[in-house]
Structure formats: structure tokens, C-alpha cells
Amino acid sequence: MQSLVLLPVGYPLRAGEEPAPFLTTDDPTLFQHYARSQWTGLVVRKGHFLFDSLLFPDYAFRAISVNPEESQITKDTKISLFSEQTTEPPIHSAIIDIKFEDVIGQKQAKEKCQIIAKFLSNSDLLNSSWAPKNILFWGPPGNGKTMMAQALSNETSHTILLVKATDLLGIYVGDGARKIRNLYAEARKEAPSLVFIDEIDAIGLKRNFQSIRGDVVELVSALLGELDGIDKNQGVVTIASTNQPQILDSAILNRFEELIEFRLPNNKERKQILEYYASTSPIPFNKIDWNTIVQETQDWSARALKEKIIKNAIHQAVLHERDSITTELIWECLKKSSEITEALPHYS
Ligand SMILES: Nc1ncnc2c1ncn2[C@@H]1O[C@H](COP(=O)(O)OP(=O)(O)O)[C@@H](O)[C@H]1O
Ligand SMILES: [Mg+2]
């Protein structure tokens with residue numbers, strides 16, 4: 001195992017009103033020696049409990065980050081104790097090689113991201129009161145919100161922390177708020193930097209829904225604190241994304257100075273999307289009549305065009321061992337996809 005992060009959680013039992021101690025260390029190196037001396041040889045997975053057998057017998061630590069997943073502790077494993085100061089184990093999404101030019105359409109969002117990239121590169125601008133602070137990407141799913149964040153992260157050399165809102169929900173009360181604070185602590189340390197919170201509706205629900213999930217309330221107030229922290233968070237820009245802005249709590253919504261809509265592609269963009277993904281196909285598309293297909297796919301998202309038409313057509317061609325893809329095959333895929341959509345129960 002390369003590294004292990006342990007969260008002190010306490011004893012399995014408690015005597016009466018005695019509060020559970022929360023252990024910490026003053027010397028991380030010493031703690032590492034101590035931990036290795038008792039746990040070397042153990043195979044650990046994320047979520048496992050490790051029990052202390054020396055100073056505080058049966059005190060439990062939970063493995064919150066194990067790298068590689070499920071491996072054996074050795075005398076070289078880097079073991080650390082989770083504390084407010086330790087940076088959270090990486091929660092950033094894998095960066096895929098996507099550039100602004102790969103995002104078709106969404107001109108307004110692309111321009112805003114280019115503006116942000118320029119601000120990040122100029123500290124005078126970034127520290128002025130004119131800097132972008134909190135921006136919300138919204139619009140129907142599958143039209144490039146996440147993709148744009150990945151492009152932004154590839155197009156600047158500055159730190160972009162990409163997190164999915166659901167990853168901020170912890171198991172224990174307080175986990176979520178702590179993750180938010182750590183996330184912004186890291187962003188400040190790395191400033192100029194950008195925090196991208198994907199699918200924020202997973203946590204930023206309207207008040208009456210928040211109560212369903214106990215500690216979300218705490219998480220939301222931590223987030224509101226960070227979004228408000230104009231002075232504290234100098235040099236940090238936040239972008240959040242949502243498919244459903246109407247379910248967001250108004251307190252959260254109000255923190256965003258700008259709402260940028262990601263629209264469904266128009267005729268011209270649908271054609272561009274289809275042609276672009278067709279051009280990357282291992283099986284050639286043969287003289288396709290894209291114009292008529294574009295007419296039949298009003299209201300389709302970029303993702304649907306890519307997955308339901310291009311990907312399906314390629315799969316059918318592979319299945320039937322065709323050496324090229326024809327307009328006819330695409331019509332079949334389109335028809336099949338509409339039949340499936342019609343057969344599905346309709347949720348309004
Ligand atoms: N504007 C676009 N141009 C090209 N491809 C797109 C576009 N929008 C979406 N896609 C394709 O659909 C996939 C899903 O899009 P995504 O960015 O995750 O949507 P969202 O976050 O808005 O729900 C992307 O990975 C990409 O392959
Ligand atoms: Mg997304």
C-alpha cells in the first residue's frame with residue numbers, strides 16, 4: 001500500500017454520559033511509526049475499521065483513503081491521521097483531454113470560461129472587485145456543462161478542483177461541512193484557483209427537502225459561508241452546475257452573480273455534433289443525409305445525439321459486420337430510440 005488516511009472515530013461502546021475522546025497527534029511522523037508497528041501486514045479497504053491495541057485499546061480508526069484500493073500495509077506505507085489540516089484525499093475527477101473547441105455551441109459559456117481563464121492568469125485583475133466569483137451553469141442534461149469544466153481545467157495551468165456534489169456528502173454528521181471547508185482551504189492555498197461543484201442540486205435543495213437528509217443543512221451553511229467569503233476567498237472562483245435550478249434553495253441561488261444557460265443544440269449545432277462524432281468513428285459513415293436526421297432530432301441533447309445515434313449505429317455495424325454506416329442504418333437507430341422513449345413511463 002502506498003498511502004492510508006485514518007479518521008479517528010472512537011470506541012465501539014460508551015459508558016453512560018462520558019463523552020467519546022477524539023484522538024489527535026502532535027507528531028505525524030511519530031504516529032506513522034506507531035501505526036505501522038501495529039498494523040503492518042493488514043489488508044485494508046476504504047471504510048474498514050482499524051483498532052488500536054496499544055495506548056488506547058479498542059479505539060477505532062476508519063480508513064477513509066486507501067491507495068491502491070484494498071492493499072496491505074507495509075513498513076513503507078504512508079499513514080496519516082485525518083485532521084482539519086490534512087488535505088482531503090483527492091476528490092477531483094479524472095481529467096480527460098478535452099479542449100474548449102471540442103465543446104460545440106454554448107458560445108456564452110465558452111466566452112465566460114475564457115474570461116475566467118484570463119482572470120486566473122492575472123492576479124491584479126483577479127484580486128480586483130470585478131473578478132468573477134460565483135457562477136452557475138444550468139440547463140438540460142447532456143449539453144456540455146461537465147465537459148466545459150473539464151475543458152477549462154485543461155486550458156489553464158491553474159488549479160481547478162472538480163468535485164461532484166454527491167462526493168461531498170459524508171457518512172457521518174459533520175463530514176460534509178468539513179469536506180467543504182477543506183475544499184476551500186485547498187483552493188485558497190492554491191489560489192489563483194477554481195472550484196467546480198458539479199450537480200449542486202444533490203446538496204443545495206430547497207430548505208424543506210434538506211431536512212430529509214440531516215447533515216445537508218450543515219453542509220449547505222458551510223457552502224454558503226464559502227460562497228460569501230469574498231475577502232477570505234480572494235483568488236478563488238466557484239462554478240457550480242445543475243440540471244434543475246428550480247429545485248435549488250434560494251439562499252444558494254442568490255449567491256451566484258451570473259447564471260449561464262446551456263441550451264439544447266439548434267439545427268446547425270446538431271449537424272455539427274453528428275458530423276463531428278461520426279468523423280471519430282472507427283467504421284466510416286457513408287454519405288449520410290444529415291439534414292433530414294437533424295430535422296427529426298429537435299430537442300435532442302448533444303449526449304443523446306452522440307450515444308443514441310452515432311454510438312448505436314457503430315454498434316449495429318459491428319454486430320452485422322458492415323464496413324460502412326449508411327443513412328438507412330441511422331434511421332433504424334433513430335426509430336428504435338424513439339420507440340424506446342415512447343414505451344417508457346412518462347414522468348412530468
Ligand atoms: N456541446 C457539446 N459538444 C460536444 N459534445 C457534447 C456537448 N455536450 C455534451 N457532449 C457530449 O455528451 C457528453 C455528456 O455531456 P456533459 O458535459 O456530461 O453534460 P451535462 O454536464 O451538461 O449533463 C459529453 O461527455 C460529450 O461527449
Ligand atoms: Mg454533468
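Note that ligands are numbered from 1 as they come in the structure, with each ligand's atoms numbered from 1 the same way.
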- Task: For atom CG of Asp299, decide whether the heavy atoms of other residues, nucleotides or ligands shown that lie under 6.0 angstrom number more than 12.
- Result: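 Check fails, neighbour count at 12 or below.
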- Check the surroundings of atom CD in Glu69: do more than 12 heavy atoms from other residues, nucleotides or ligands lie under 6.0 Å from it?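 No, not enclosed.
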- Query: Protein heavy-atom contact under 4.0 Å for atom 25 (O) of ligand 1?
  - Reply: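 No.
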- Message: Under a 3.5 Å threshold, yes or no: a donor from one side chain and an acceptor from the other, between Tyr34 and Thr25?
- Response: no
Can you tell me which residue and heavy atom of the protein come closest to [atom], and the distance to 0.1 Å?
atom: atom 6 (C) of ligand 1; value: Met147 SD, 3.4 Å
atom: atom 18 (O) of ligand 1; value: Thr146 CB, 3.7 Å
atom: atom 7 (C) of ligand 1; value: Ala302 CB, 3.4 Å
atom: atom 13 (C) of ligand 1; value: Arg303 CG, 4.0 Å
atom: atom 5 (N) of ligand 1; value: Tyr277 OH, 2.7 Å
atom: atom 1 (N) of ligand 1; value: Ile104 O, 2.8 Å
atom: atom 16 (P) of ligand 1; value: Gly144 N, 3.9 Å

Minimum heavy-atom separation for [X] and [Y], please, with both atom names.
X: Asp97; Y: Lys99; answer: OD1-NZ, 3.4 Å
X: Asp58; Y: Phe51; answer: O-CD2, 3.4 Å
X: Lys110; Y: Gly105; answer: CE-O, 3.5 Å

- Verify the distance test for Thr146 against the Mg ion (ligand 2): any N/O/S atom under 2.8 Å, yes or no.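 Given the 2.8 Å cut-off, Thr146 counts as a ligand of the Mg ion (ligand 2).
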- Query: Could a heavy atom of Asp102 be found less than 4.0 Å from some atom of ligand 1?
  - Reply: yes
- Message: When you measure from the heavy atoms of Gly142 to every atom of ligand 1, does any distance fall below 4.0 Å?
- Response: yes
- Any atoms of ligand 1 less than 4.0 Å from a non-hydrogen atom of Val103? List them with their elements.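 So the atoms of ligand 1 that pass are 1 (N), 3 (N).
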- Query: Numbering the atoms of ligand 1 from 1, which are under 4.0 Å from a heavy atom of Lys306?
  - Reply: 27 (O)
- Item | Given Ile197, Ile260, Leu248, Ile252, the one that forms side chain to side chain contact (heavy atoms under 4.5 Å, CB included) with Leu136 |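 Exactly one candidate clears the test, Leu248.
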- Item | Hydrophobic cluster identity match, Tyr277 and Leu264, side-chain contacts under 4.5 Å | no
- Using a strict 4.0 Å threshold on nitrogen-to-oxygen distance, state whether Asp167 and Lys164 make a salt bridge.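 Judged by the 4.0 Å cut-off on N to carboxylate O distance, Asp167 and Lys164 do not form a salt bridge.
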